[in-house]
Peer 1: 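First the structure, then my questions, so here it is.
Note on naming: letters A, B, ... go to the chains in the order of the sequence lines (proteins, then strands), and numbering restarts at 1 for each one.
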Amino acid sequence: MSDTTETTPRITPIVVGGTGPATDDELLEGLNPEQREAVVYRGSALLIVAGAGSGKTRVLTHRIASLIKGGEAWPSQILAITFTNKAAAEMRERVGQLLGQVAEGMWISTFHSACVRILRREAENFGFTKSFTIYDSQDSRALVKRIIKDLQADTFGFTVAQVTGKISKLKNELTDVESYARQANFSDPNDAMFVEIFRAYSRALRDANAFDFDDLISQTVYLFRAFPQVAEKYQRRFRHILVDEYQDTNHAQYALIRELTKPPESNELAGIPAFGGGGASLTVVGDSDQSIYAFRGADIRNIVEFERDFPGARVVLLEQNYRSTQNILSAANSVISNNFDRKDKKLWTAVGDGEKIVGFTGYSGHDEAQFVADEIAKLREGGMAYNQIAVFYRTNSQTRALEEIFIRSALPYRVLGGTKFYERAEIKDAMAYLTSVANPFDGLALRRILNTPKRGIGPATETQLASFAERENVSYREAMRRAPELGLGPKVTGAILQLAALLDEATELVTPDRPGGEAPVSEVLALLMEQSGYVKSLRATRDPQDEARAENVEELLAVTKEFNRNNPDGTLLDFLTEVSLVAAVDDLDDSSGTVSLMTLHTAKGLEYEAVFLTGVEEDLLPHRMSASEPGGPAEERRLFYVGITRAKKRLFLSLAMTRAQFGETAVAMPSRYLQEIPAELIDWIQSPGMATSRGGSEPRALNANRGRGSYGGGSRWGNDSGLGIPPGPPRPKTEWANRVTGQVRDNGDLELQPGDRIRHTDFGEGRVNQVTGEGAKRVAHVQFEAAGPKKLLIKIAPIEKI
DNA sequence: GATCCTTACCAGGCC
DNA sequence: GGTAAGGATC
């Protein structure tokens with residue numbers, strides 16, 4: 001054991017409440033030998049190679065609990081890094097349960113949250129203020145766009161996406177402008193121009209008192225390197241560092257961990273040996289088969305070379321899976337085994353084979369979505385709760401077809417991530433007001449609200465204001481207050497002064513030494529929205545969408561109130577930080593009683609009784625873009641693997657033969673990964689071969705392709721392919737036209753009674769068995785002659801009474 | 001400077 | 001199918 005115990009206090013466990021805390025033995029109870037080893041091992045470095053579903057969260061929480069309970073560490077000496085805020089909250093809760101009390105002072109958070117916390121405390125050391133803004137990728141893009149325009153870099157062929165991508169990559173590798181410029185090739189005008197853009201971007205961020213996402217990590221590393229006494233503060237504080245999802249860390253994050261686990265410098269000066277001499281203990285958990293973030297700089301070498309980086313590290317392998325059935329695991333194993341240069345690892349379970357994987361090929365994305373909806377209805381009838389069912393897809397654009405069908409089928413669902421609430425223009429506007437109040441240096445935020453709502457402050461005025469601020473070396477706010485000096489028209493000047501006064505008034509509310517403390521965020525936002533007339537202006541337009549936008553702003557107001565309820569001491573800065581760092585999964589509500597829809601990336605770390613993996617097609621999974629990337633197809637395979645291993649009991653793989661994109665219909669091909677699953681594991685309700693040979697009602701292009709095995713390369717998917725598909729009679733499912741009318745219908749108060757006959761544009765004629773629900777949510781249970789039983793939302797289903 | 005309209009380009013995953 | 005950019009017009 002390292003000598004950390006000498007420097008850390010022994011604490012007596014405090015027993016509080018109900019069932020009481022777990023004893024040492026209880027902490028190990030129910031764990032397998034490897035898991036136990038991972039909990040009790042004490043040394044400077046530990047790598048837990050944890051296959052999917054092998055209970056790593058359990059191991060991590062028990063390990064933390066045992067450190068605290070054994071008196072080896074105070075809660076405040078623990079830093080645990082998770083991938084999402086939700087995972088952090090869960091871990092905190094579970095550790096609390098194990099200890100029988102809330103462990104105060106533990107840092108359990110994401111890399112980004114932890115770094116923001118450090119940066120807010122230390123910002124003043126290096127030219128920022130604690131109220132810095134965090135720029136999300138949209139903000140970064142907006143900034144780069146302006147810079148490219150200003151420098152006329154578009155003539156060099158620079159695009160916003162290219163530049164932001166390259167800057168992000170450089171930052172993740174801890175390359176700042178100066179170090180990049182040092183090795184740049186200035187005889188290449190392109191490279192020289194890029195340096196200029198990069199420099200302008202970095203300066204703009206600094207001037208705006210802002211960090212972009214990548215800065216949060218890299219600037220913390222720079223801070224530690226530039227100010228050893230600051231680094232030492234955190235090196236002394238955190239004695240045990242644990243990092244989850246280590247396979248997805250990038251170089252900057254790796255460097256951060258290295259900085260934090262270094263022995264404090266003053267120890268070295270005092271001649272205390274480095275190894276085991278005061279560096280924090282490091283535990284990392286990961287699975288290289290689940291590395292799916294190379295695109296944002298994750299470096300798989302961090303985990304592969306862990307033992308070399310941290311000599312003497314112990315490695316523990318967790319291979320027993322406690323989540324899925326053997327059929328699901330066998331499929332996963334055989335898929336991932338197609339990736340070379342990986343350490344062979346086979347998941348196994350003791351729970352038995354379980355049901356077969358179900359496969360389905362639809363004629364279109366809508367057909368596929370209908371299959372998903374129908375199967376979910378069956379699962380539900382079989383007693384499965386909606387919130388135990390998830391639908392995964394590779395790209396966010398796939399949600400449209402699913403949503404259309406789900407709404408029609410009256411299926412309660414929730415889309416995680418996607419076009420997020422906080423990415424909406426009106427929400428960004430409202431947030432920009434708050435940002436402008438918190439950080440008066442933030443030009444990007446101010447620019448956003450300067451003429452929103454319309455105040456007659458156009459681009460020309462904006463430029464004048466900006467150059468005045470620069471010339472006089474004052475903040476934008478000050479420049480606005482001195483607007484009369486600009487010699488503009490009385491109307492514009494008045495508008496600027498009014499906005500400045502409003503922002504000043506709001507700033508008053510959040511001044512820390514204000515009598516009664518900072519006003520709640522909701523009060524600040526209400527003032528801003530009220531006085532600026534923003535919401536009023538939205539309600540005044542003829543555009544019907546603006547009404548929805550106004551409601552969204554009201555919703556944001558509700559969010560701030562909720563925030564104030566949950567965080568009575570929460571400041572405006574806390575709110576802005578929280579909003580900046582929410583991840584897609586963070587709005588997952590386990591108690592919502594709805595089906596969850598999300599991308600495969602978002603699905604990592606989650607598990608469901610039943611999983612629908614949709615769009616298993618070439619160009620989608622693997623995604624078209626991945627073909628040209630080194631390691632792309634292998635990463636896509638890992639993504640598929642991650643999706644499969646989320647399923648506990650039931651797994652459905654589906655694809656479509658045609659898919660709408662850009663408003664056009666394109667032909668789709670089955671994914672190469674489907675063949676990597678042994679045929680006997682899949683029960684095809686409708687295989688790709690069957691879909692081609694019997695597509696009686698679909699676009700002519702496909703009907704022309706009639707005949708078994710006529711598509712997808714020979715007989716690969718034909719009935720004679722050895723997939724074991726019985727020839728059987730054509731299913732009725734294939735007999736109706738599969739067109740789905742995209743338009744929103746409104747049947748008004750269409751009254752339906754059991755016994756009524758109706759006609760549906762897709763399903764044909766049927767008889768109403770039952771009507772449930774109230775008002776707009778009335779649902780008709782219909783027995784269709786051809787399509788079987790369906791549930792339909794009466795208000796919007798494409799039906800008529802006959 | 002605002003508004004309306006047409007056109008061009010477009011969506012890969014995310015803290 | 002959706003949006004951002006650019007042009008025409010008031």
Peer 1: In terms of side-chain heavy atoms of A:N451, which of B:dC14, B:dA2, B:dG13 is nearest?
Peer 2: B:dA2
Peer 1: Regarding A:S137, tell me which of base, sugar-phosphate or nothing describes its non-hydrogen contacts under 4.0 Å with the strands shown.
Peer 2: base
Peer 1: Taking any heavy-atom pair under 4.0 Å as a contact, classify A:F111: base, sugar-phosphate, or nothing.
Peer 2: nothing
Peer 1: Calculate the interatomic distance between A:Q247 atom CD and B:dC15 atom P; express it in whole Å.
Peer 2: 15 Å
Peer 1: What's the gap between C:dA4 and B:dG13 when it is taken at their C1' atoms, as a whole Å value?
Peer 2: 23 Å
Peer 1: Contact class for A:E636 vs. all strands (heavy atom < 4.0 Å): base, sugar-phosphate, or nothing?
Peer 2: base
Peer 1: For A:N172 and B:dC14, what is the distance between atoms CG and P respectively, to the nearest whole Å?
Peer 2: 16 Å
Peer 1: Which distance, rounded to the nearest 0.5 Å, do you find between the CZ of A:F132 and the CG of A:L576?
Peer 2: 11.0 Å
Peer 1: Quick one: CG on A:L216 to NZ on A:K171, what's the gap to the nearest 0.5 Å?
Peer 2: 9.5 Å
Peer 1: Collect all protein-nucleotide pairs involving nucleotides 7-10 of chain C in which both atoms are nitrogen or oxygen and the distance is under 3.5 Å.
Peer 2:
none

Peer 1: If you measure from CZ on A:R637 to CZ on A:R342, what distance do you get to the nearest 0.5 Å?
Peer 2: 10.5 Å
Peer 1: Which nucleotide, B:dC14, B:dG12, B:dC15, lies nearest any side-chain atom of A:E629?
Peer 2: B:dG12
Peer 1: Rounded to the nearest 0.5 Å, what's the gap from NE2 on A:H601 to CZ on A:R296? Could you check?
Peer 2: 8.5 Å
Peer 1: Around atom CD of A:Q498, are there more than 12 heavy atoms from other residues, nucleotides or ligands closer than 6.0 Å?
Peer 2: no
Peer 1: How would you label the contact of A:R394 with the nucleic acid (heavy atoms, under 4.0 Å): base, sugar-phosphate, or nothing?
Peer 2: base
Peer 1: May I ask you to evaluate whether A:T602 reaches the phosphate of B:dC14, defined as a side-chain N or O under 4.0 Å from OP1 or OP2?
Peer 2: yes
Peer 1: Please check if the distance between the ring centroids of A:Y246 and A:F83 is under 6.0 Å.
Peer 2: no
Peer 1: Determine the interatomic distance between C1' on B:dA11 and the same-named atom on C:dG6; round to the nearest Å.
Peer 2: 23 Å
Peer 1: Any chance the side chains of A:N85 and A:S113 put a donor and an acceptor closer than 3.5 Å?
Peer 2: yes
Peer 1: Using heavy-atom distances to pick each residue's nearest nucleotide on DNA chain B, tell me which of A:I457 and A:T110 is more 5'.
Peer 2: A:I457
Peer 1: Output the rounded distance in Å from CZ (A:R455) to P (B:dA2).
Peer 2: 11 Å
Peer 1: My understanding is that only residues two or more places apart in sequence, or in another chain, count here; which of them pass ring pair (Phe, Tyr, Trp, His ring centres under 6.0 Å) with A:F224?
Peer 2: A:Y234
Peer 1: Is there any protein nitrogen or oxygen under 3.5 Å from a nitrogen or oxygen in nucleotides 6-11 of chain B, and what are the pairs?
Peer 2:
| unit_1 | atom_1 | unit_2 | atom_2 | d |
| --- | --- | --- | --- | --- |
| B:dA11 | N3 | A:S397 | OG | 3.2 |

Peer 1: Pick the nucleotide of DNA chain B nearest each of A:T599 and A:G458; which residue has the one closer to the 5' end?
Peer 2: A:G458
Peer 1: Between B:dC14 and A:N396, is there an OP1 or OP2 to side-chain N/O distance shorter than 4.0 Å?
Peer 2: yes
Peer 1: Under 3.5 Å, is there a donor-acceptor pair linking the side chains of A:T577 and A:R120?
Peer 2: yes
Peer 1: State yes or no: are the ring centers of A:Y393 and A:F612 separated by less than 6.0 Å?
Peer 2: no
